[in-house]
Novice: 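Dumping the structure here so I can ask a few things about it.
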There are 4 protein chains.
Amino acid sequence: MIIEIDMASETPIYTQLVYQIKLGIVRGRMHAGDSLPSVRSLAGDIGINLHTVNKAYKVLVGEGVLTQVKKGYEISRETPPKISETYKEEFKEKLFDLMIDANVFDIDVDMLLEEMKIKLKGDEQHD
Amino acid sequence: MIIEIDMASETPIYTQLVYQIKLGIVRGRMHAGDSLPSVRSLAGDIGINLHTVNKAYKVLVGEGVLTQVKKGYEISRETPPKISETYKEEFKEKLFDLMIDANVFDIDVDMLLEEMKIKLKGDEQHD
Amino acid sequence: MIIEIDMASETPIYTQLVYQIKLGIVRGRMHAGDSLPSVRSLAGDIGINLHTVNKAYKVLVGEGVLTQVKKGYEISRETPPKISETYKEEFKEKLFDLMIDANVFDIDVDMLLEEMKIKLKGDEQHD
Amino acid sequence: MIIEIDMASETPIYTQLVYQIKLGIVRGRMHAGDSLPSVRSLAGDIGINLHTVNKAYKVLVGEGVLTQVKKGYEISRETPPKISETYKEEFKEKLFDLMIDANVFDIDVDMLLEEMKIKLKGDEQHD
DNA sequence: GTGGTCTAGACCACA
DNA sequence: GTGGTCTAGACCACC
């Protein structure tokens, strides 16, 4: 698993981890039913605290992205994970705030989104 | 000034305040050179501490959105405020993370953006 | 009298006024015994509050630069004004702090001082 | 860390703290990458409020002297911190005002500067 | 009236 | 343990 963590970023490490795992799914590197590395081994590989990995996994379980099974964690088999209304509200709030900034600072969001669609596909094909 | 703060939200109050003020500008309710309510009066109106308002104002000054003058704070007269490269990077990161979630949870971002463009204009015209 | 006040500056107006008056003396535009404009007229000319001009004059009296006489204020006849040890200590502190910044931010103070010596003389001769 | 704060001074405590930290760097007592004492521990040691220390640290981060990392604050690794034009203008203003006073009060700045260069080096070598 | 500074104490998120 | 946020209340400088 390829995980990139920026220790200097202001984004909490567990949050970065959450998004890196989701990114793996979006790019098609990980599929429903795949099992994840153990908390201990992943923490060791990345060089971060056990608790941090644990928290990231718990968050993903809470979102329905991962499922905890006997032998550890795996990608949930039911897709797409159902998201709660409150989560969707949070999502919209965040997006709305970003749009406000885009307006205030004159950022071209449409162009950025095009870039990102490409970046999201990433190396989807070489997997 | 119309300010809506959700005390139950996990978003810090000062951050909400920052976005509410920016929203006022984007919607055309406040214009370059307009002066803002004093730290104490706004705090009193909203029912929060003056330090919280102060922090929001300071953040906006740091972003170039507000300017501090002898008699208080006002909307910066130079528009649009130039945004630093590092800030833009942060912006892109946040947007990228949102796009990941949109993919994972099958959210139609394009549709949401249309909604938001309308919401952003808001009551621009009745002012 | 030529007084330049920057209302947008973070330096208090009365402080700017104090320095502008001292600058007039240093440049030889004003001499011992000269009387100053009345508080009211100067405030009117600059467009600031009476209290502000008053405070500046009071500070200068306190420093021995001005003397209050029946008809108003005049430049002290005794030169150079004696300064207290505590004032000199303050002066040294300020200068020391500036030197620290010069070191940290790699500013060439010697060069700046040369510039300033010229600027201080200013239009000394055309008066 | 050696920090000297004058509680009776009219200079704000956080400002004194800012200069004391810079002085530590200039004197070579602290180097790029060194981590600073935690906000709370330093506040406790000096006997001031943690918010006051916090503000000093924030100012230094804003100036590029300190960097905030996950585990706290550290001296920025990139040296020297680049200083903005507006900051340099402020610096020149302050220095100019001091030079005015030096002229008015007949203070020998050149001599003081020599003293200060020695004081700045301080105990650089015994460390 | 305005903002600036400082204190004291609380709760939370992160690692 | 670390910093982030928020509150409450105080005193001061400036205009």
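We name chains A, B, ... by the order of the sequence lines, and we start the count at 1 in each one.
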Novice: List in chain and number order the residues that pass side-chain hydrogen bond (donor to acceptor under 3.5 Å, both in side chains) with T15(D), two or more places apart in sequence or in another chain; answer none if no residue qualifies.
Specialist: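 Not a single residue meets the side-chain hydrogen bond (donor to acceptor under 3.5 Å, both in side chains) criterion with T15(D).
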
Novice: Check each residue of residues 4-13 of chain B for a non-hydrogen atom within less than 4.0 Å of any atom in DNA chain E, then write out the ones that pass by number, or none.
Specialist: none

Novice: Using a strict heavy-atom distance below 4.0 Å, which residues from residues 47-54 of chain D are in contact with DNA chain E?
Specialist: I48(D), N49(D), H51(D), T52(D)

Novice: To the closest 0.5 Å, what do you measure between CD1 (I25(C)) and CD (Q20(C))?
Specialist: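 Here the rounded value is 12.0 Å.
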
Novice: Might you point out which heavy atoms bring S9(A) and Q16(A) nearest each other, and give the distance in Å?
Specialist: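 Distance-wise, the nearest heavy atoms are CB-NE2, 3.5 Å.
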
Novice: Can you tell me if S76(D) uses its side chain to pair, donor with acceptor, with the backbone of L66(D) under 3.5 Å?
Specialist: yes

Novice: Residues in side-chain hydrogen bond (donor to acceptor under 3.5 Å, both in side chains) with Q68(B), at least two apart?
Specialist: K58(B), Y73(B)

Novice: Considering non-hydrogen atoms only, spot the tightest contact between V59(B) and Y14(B) and give its length.
Specialist: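 Nearest pair, atom of V59(B) first, then Y14(B): CG2-CE1, 3.9 Å.
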
Novice: Only pairs under 3.5 Å count here: list side-chain donor-acceptor contacts from residues 33-43 of chain B, not counting sequence neighbours, and write none if there are none.
Specialist:
residue : atom : partner : partner atom : Å
D34(B)  : OD2  : H31(B)  : N            : 2.9
S38(B)  : OG   : S41(B)  : N            : 3.0
S38(B)  : OG   : S41(B)  : OG           : 3.1
S41(B)  : OG   : S38(B)  : N            : 3.3
S41(B)  : OG   : S38(B)  : O            : 3.1

Novice: Pick base, sugar-phosphate or nothing for Y57(D), based on heavy-atom distances below 4.0 Å to the nucleic acid.
Specialist: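 The answer is nothing, as Y57(D) stays clear of every strand by at least 4.0 Å.
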
Novice: On DNA chain E, which is the earliest and which the latest nucleotide, 5' to 3', with an atom closer than 4.0 Å to a heavy atom of chain B?
Specialist: dT2(E) to dC6(E)

Novice: Map every base of DNA chain F to its dot-bracket character, where paired means a Watson-Crick or G-U wobble contact with both distances under 3.5 Å and | marks a partner outside the strand.
Specialist: ||||||||||||||.

Novice: Going by side-chain hydrogen bond (donor to acceptor under 3.5 Å, both in side chains), name the residues that satisfy it together with N54(C), two or more places apart in sequence or in a different chain.
Specialist: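 Residues passing side-chain hydrogen bond (donor to acceptor under 3.5 Å, both in side chains) with N54(C): none at all.
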
Novice: Which residue pairs pass the salt bridge (Lys or Arg N to Asp or Glu O under 4.0 Å) test when at least one of the two sits in residues 2-14 of chain B, sequence neighbours left out?
Specialist: none

Novice: Expected output is a numbered-order residue list: members of residues 85-98 of chain A with a heavy atom under 4.0 Å from any atom of DNA chain F. What is it?
Specialist: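 Heavy-atom cutoff 4.0 Å gives no residues at all.
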
Novice: Taking all non-hydrogen atoms of both residues, which atom of I21(B) and which atom of Y57(B) are closest, and how far apart?
Specialist: CD1-CE1, 3.7 Å

Novice: With a cut-off of 3.5 Å and sequence neighbours excluded, list every side-chain donor-acceptor pair involving residues 86-95 of chain A.
Specialist:
residue : atom : partner : partner atom : Å
T86(A)  : OG1  : S84(A)  : OG           : 3.1
Y87(A)  : OH   : D101(B) : OD2          : 2.6

Novice: Could you tell me which non-hydrogen atom of L17(A) sits nearest to which non-hydrogen atom of I48(A), and how far apart they are?
Specialist: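 Scanning both residues completely, I find the closest heavy atoms to be CD2-CD1, 4.1 Å.
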
Novice: I'd like to check the side-chain hydrogen bond (donor to acceptor under 3.5 Å, both in side chains) partners of E63(B); sequence neighbours left out, ordered by chain and number.
Specialist: K22(B)

Novice: Do L23(B) and Y19(B) have side chains that get closer than 4.5 Å, going by heavy atoms?
Specialist: no

Novice: Relative to the 5' end of DNA chain F, which residue comes earlier, K55(C) or K55(B), by the nucleotide with the nearest heavy atom?
Specialist: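 It is K55(B), whose closest nucleotide lies nearer the 5' terminus.
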
Novice: Stepwise, does the side chain to side chain contact (heavy atoms under 4.5 Å, CB included) test hold for D97(B) with V18(A)?
Specialist: CA-CA 10 Å; D97(B) 285 351; V18(A) 163; over 6 Å; no

